[in-house]
Amino acid sequence: MTVKKQYIPDIETILSHRHDFGDDYWTTPDRRLLKGSPFSAYNSALMLMELGMEPSEPVLKEVADLFFSVWKDDGRFQLYPKSSIFPCQTANAAYLFCRMGYQSDDRLQKTLQHLLDTQYVDGGWRCEKFSYGRGPETEYSNPMPTLTVLNAFRFTDCLNREPALEQAVDFLLEHWIIRKPIGPCHYGMGTLFMQVEYPFGNYNLFQYVYVLSFYNRAKEDKRFLEALDALRSKLVDGHIIVERVVPKLAKLEFCRKGTPSELATLRYREILANLGRNIA
């Protein structure tokens with residue numbers, strides 16, 4: 001995929017923020033690689049690839065080097081210095097690298113195995129951080145990190161072959177029934193969840209359906225099909241209309257709020273292709 005002419009200004013805007021935090025490549029001198037959303041090192045790299053930039057481009061290779069610099073021998077990634085390492089951080093790094101094509105790298109193989117080894121009893125991934133206090137709902141895994149793990153593994157040979165991932169799919173499908181905020185970080189399925197957000201970032205209907213569409217375990221499940229119908233109901237003339245976007249991205253061409261998004265619609269058509277359905 002190459003960058004289309006109409007998206008070059010978006011690329012330039014993202015690149016213009018690369019020194020915002022005191023160092024190059026959207027980071028701080030002490031390498032806080034998630035700082036500054038939506039123009040963090042993590043999000044900026046993902047957006048550039050979403051716009052068609054190849055992972056082999058020098059700027060993305062530099063970002064990869066930054067993330068590998070905080071890889072630990074046990075497979076985890078410390079995306080904030082001098083802080084606890086949470087599963088969500090390792091999940092984010094794993095997805096970024098798999099999206100970049102590094103899934104066969106020995107370091108990534110160790111990271112992916114670490115994720116499988118640390119799966120929680122309910123099938124998801126759970127951070128031991130209780131910002132909202134403790135209650136029955138915090139005994140669940142965190143849905144968004146679980147979705148991110150599945151997003152990483154869809155690039156691997158484990159896709160539709162690893163039972164642990166099927167358990168993760170089941171956990172997320174069950175959240176469609178539960179709906180209420182669960183996990184230590186209180187991920188729910190309320191009004192904001194049901195708004196189409198693009199580019200993918202927060203726990204959201206569009207990303208939920210997109211990631212699960214790669215997994216055979218979900219494709220014919222009633223809960224998944226209900227979520228797909230909810231997403232389909234929002235189409236206008238077969239196109240995805242962005243309902244929610246991070247304010248700092250509001251002026252970018254590829255994700256303008258209230259207008260059809262060509263790139264978001266391509267993601268929707270990818271969902272249909274995953275399900276073996278005709279693309280109208």
Side-chain angles (χ1 to χ4, degrees), residues 34 37 42 72 74-80 83-99 108 110-156 158-190 192-194 197 200-219 221-224 226-227 230:
L34 295 181
S37 182
Y42 174 72
K72 302 296 182 182
D74 61 3
R76 298 179 300 161
F77 284 85
Q78 186 162 19
L79 302 187
Y80 286 96
S83 70
S84 299
I85 303 177
F86 295 107
C88 57
Q89 298 170 7
T90 296
N92 285 341
Y95 168 59
L96 177 63
F97 276 115
C98 287
R99 175 71 178 79
L108 258 293
K110 196 164 188 177
T111 293
L112 295 170
Q113 187 59 53
H114 166 79
L115 289 169
L116 292 176
D117 291 342
T118 55
Q119 187 176 27
Y120 193 55
V121 64
D122 63 7
W125 280 264
R126 181 172 178 267
C127 300
E128 293 287 340
K129 182 180 180 182
F130 299 89
S131 301
Y132 299 92
R134 291 176 181 265
E137 77 283 358
T138 63
E139 291 303 312
Y140 290 93
S141 291
N142 281 328
M144 181 59 194
T146 302
L147 192 66
T148 303
V149 171
L150 289 178
N151 211 3
F153 272 102
R154 70 180 173 89
F155 291 95
T156 75
C158 291
L159 178 64
N160 295 319
R161 297 173 61 185
E162 171 56 60
L165 300 181
E166 294 187 353
Q167 295 174 30
V169 170
D170 288 342
F171 166 75
L172 287 171
L173 290 173
E174 187 60 21
H175 197 208
W176 183 257
I177 303 299
I178 297 171
R179 294 296 181 100
K180 67 181 182 180
I182 59 172
C185 292
H186 278 201
Y187 287 96
M189 289 184 172
L192 293 180
F193 176 88
M194 296 302 293
E197 180 177 340
F200 294 147
N202 296 306
Y203 191 53
N204 174 266
L205 174 67
F206 190 13
Q207 184 170 204
Y208 177 86
V209 173
Y210 176 78
V211 174
L212 289 178
S213 74
F214 288 89
Y215 287 86
N216 294 338
R217 185 83 166 188
K219 291 178 182 179
D221 190 282
K222 178 182 178 182
R223 296 162 293 184
F224 171 79
E226 287 178 357

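Throughout, residue positions are numbered sequentially from 1 according to the sequence presented. The figures that follow rest on heavy atoms only: side chains count, while hydrogens, waters and symmetry mates do not.
- H114 places a side-chain heavy atom less than 4.5 Å from the side chain of R76.
- Nearest heavy-atom pair across F86 and E128 is CE2-O, 4.2 Å.
- If you take CG on L192 and CG on L205, they are separated by 12.5 Å, rounding to the nearest 0.5 Å.
- Residues G124 and T146 approach most closely at CA-OG1, 3.3 Å, considering heavy atoms.
- Without hydrogens or angle criteria, Q207 side chain to N202 main chain gives a donor-acceptor distance under 3.5 Å.
- In this structure, T90 and G75 approach most closely via the heavy-atom pair CG2-O, 3.9 Å.
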Let me have the donor-acceptor pairs involving side chains of residues 210-217, under 3.5 Å, with sequence neighbours excluded, atom names and distances please.
{"residue": "Y210", "atom": "OH", "partner": "R267", "partner atom": "NH1", "Å": "3.1"}
{"residue": "Y210", "atom": "OH", "partner": "E270", "partner atom": "OE1", "Å": "2.9"}
{"residue": "Y210", "atom": "OH", "partner": "E270", "partner atom": "OE2", "Å": "3.0"}
{"residue": "S213", "atom": "OG", "partner": "Y210", "partner atom": "O", "Å": "2.6"}
{"residue": "S213", "atom": "OG", "partner": "N274", "partner atom": "ND2", "Å": "2.9"}
{"residue": "Y215", "atom": "OH", "partner": "L150", "partner atom": "O", "Å": "2.7"}
{"residue": "Y215", "atom": "OH", "partner": "R154", "partner atom": "N", "Å": "3.4"}
{"residue": "N216", "atom": "OD1", "partner": "K219", "partner atom": "NZ", "Å": "3.0"}
{"residue": "R217", "atom": "NE", "partner": "D170", "partner atom": "OD1", "Å": "3.1"}
{"residue": "R217", "atom": "NE", "partner": "D170", "partner atom": "OD2", "Å": "3.3"}
{"residue": "R217", "atom": "NH1", "partner": "E166", "partner atom": "OE1", "Å": "3.1"}
{"residue": "R217", "atom": "NH2", "partner": "D170", "partner atom": "OD2", "Å": "2.8"}

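- Between the SG atom in C158 and the CG atom in L115 there is a gap of 10.5 Å [rounded to 0.5 Å].
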Check against side chain to side chain contact (heavy atoms under 4.5 Å, CB included), F77 and I85: CA-CA 7 Å; F77 284 85; I85 303 177; 5.9 Å; no
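- Residues F153 and L159 are not in side-chain contact: their nearest non-hydrogen atoms beyond the backbone lie 4.5 Å or more apart.
- Ring-plane geometry between Y208 and F193 is classed as perpendicular, the angle between the planes exceeding 60 degrees on a 0 to 90 degree scale with a lower cut at 30.
- Every residue was checked against the side chain to side chain donor-acceptor pair (under 3.5 Å) condition with E162, not counting sequence neighbours, and none meets it.
- Within the 4.5 Å cutoff, the side chain of F155 has heavy atoms near those of the R99 side chain.
- Note that CD of E137 and CD1 of I178 are 11.5 Å apart. Values are rounded to the nearest 0.5 Å.
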Given the rule in the side chain to side chain contact (heavy atoms under 4.5 Å, CB included) test, do E139 and R126 qualify, once you have shown the distances and angles that lead to the verdict? CA-CA 9 Å; E139 291 303 312; R126 181 172 178 267; 3.9 Å; yes
Check the pair H175 / Y203 against side chain to side chain contact (heavy atoms under 4.5 Å, CB included), numbers first and verdict last. CA-CA 12 Å; H175 197 208; Y203 191 53; 2.9 Å; yes
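- K72 and D74 are not joined by a salt bridge, as no carboxylate oxygen comes within less than 4.0 angstrom of a charged side-chain nitrogen.
- Annotation for G123 and F171: closest pair C-CB, 4.3 Å, computed over non-hydrogen atoms.
- Put simply, OH on Y140 and OH on Y120 are 11.0 Å apart, with the number rounded to the nearest 0.5 Å.
- Atoms CD and CG, from Q167 and L172 in turn, are 12.5 Å apart once rounded to the nearest 0.5 Å.
- Under the 4.5 Å side-chain criterion, counting only non-hydrogen atoms from C-beta, I182 is in contact with P143.
- Atom CZ of R179 has more than 12 neighbouring heavy atoms from other residues, nucleotides or ligands inside a 6.0 Å radius.
- Counting all heavy atoms, side chain and backbone alike, A91 lies closest to P145 at CB-O, 4.1 Å.
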Under the criterion side chain to side chain contact (heavy atoms under 4.5 Å, CB included), I'd like the reasoning laid out for E174 against R223: C-alpha separation, chi angles, the key distance, then a yes or no. CA-CA 8 Å; E174 187 60 21; R223 296 162 293 184; 3.0 Å; yes
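- Residues P184 and C127 have side chains not in contact (no heavy-atom distance under 4.5 Å, counting atoms from C-beta outward).
- Counting all heavy atoms, side chain and backbone alike, T156 lies closest to C98 at CG2-SG, 4.4 Å.
- Atom CG of N151 and atom OH of Y95 lie 4.5 Å apart (nearest 0.5 Å).
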